[in-house]
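Just so it is clear, the model here is predicted, and its values are computed rather than measured. What you see below is based on every heavy atom in this structure, not just the backbone, and it leaves out hydrogens, waters and symmetry mates. Just follow the structure's listing: the first ligand is 1, and inside any ligand the first atom is 1.
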Amino acid sequence: MKKLLFVPALATALFLASCGGGETKTDNSAATTDTTSAQAPAEEKPGADIPGINDVAVTDHIELTGDDQLKFDKTLFKIKAGQNVKLSMKNIGKMPKEAMAHNVVILAPGTDVQAFGEAAVKAKTNDHIPADMMSEVIAHTKLLGPGESDEITFKVTDPGVYDFICSFPGHFGTMRGKIVAE
Ligand SMILES: [Cu+2]
């Protein structure tokens, strides 16, 4: 009985491999060759699909400001994994801290930014850094009122795309950007 069942299964597998599978493979390899020759260096790097990433130079000093319009002045950075990076952040707004404070929170790749931002709303006593999500925080500045600034140093060990946000309630929708580590 086992033999009878096995033989048709093997025959089907061979048929698929030699016929349908083989044909598809030929088409794919032709297409892949075209893409590879045009974009090979870019595709190997993390964040290669982010618009404008090729115009961003690698830096070891990220300088940011945040304002009363809920905007960071820059939203895209490129750093080297394994290297210490300085991050300076200044709140250049005028509104009182209770209504309009800013920070920079760098999140691990794969973090659910929406979920983090929502949890941060409730973390008022911890400057809007949710204590139970610290494993997803690479680094963060202090929460800054008008005219205040902070400077931190951080390092990421792995190449990848790291989101950063301001975690003050209601801000992460517009105050967010990406740090690409090569
Ligand atoms: Cu903010």
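Taking the Cu ion (ligand 1) as reference, the nearest N/O/S atom within H102 carries the name ND1. Restricting H171 to its N, O or S atoms, the one at the least distance from the Cu ion (ligand 1) is ND1.
Taken together through direct or relayed side-chain contacts under 4.5 Å among Ile, Leu, Val, Met, Phe, Trp and Tyr, F77 and V180 form parts of separate hydrophobic clusters.
Remark: of the listed residues H102, K97, E98, H102 is the sole one forming a side chain to side chain contact (heavy atoms under 4.5 Å, CB included) with M100.
Crowding of K90 atom NZ: a count of heavy atoms from other residues, nucleotides or ligands under 6.0 Å not exceeding 12.
Side-chain contact between F116 and V105 is present, with at least one heavy-atom pair separated by less than 4.5 Å.
With the Cu ion (ligand 1) as the vertex, SG (C166) and SD (M175) define an angle of 110°, rounded to 10°.
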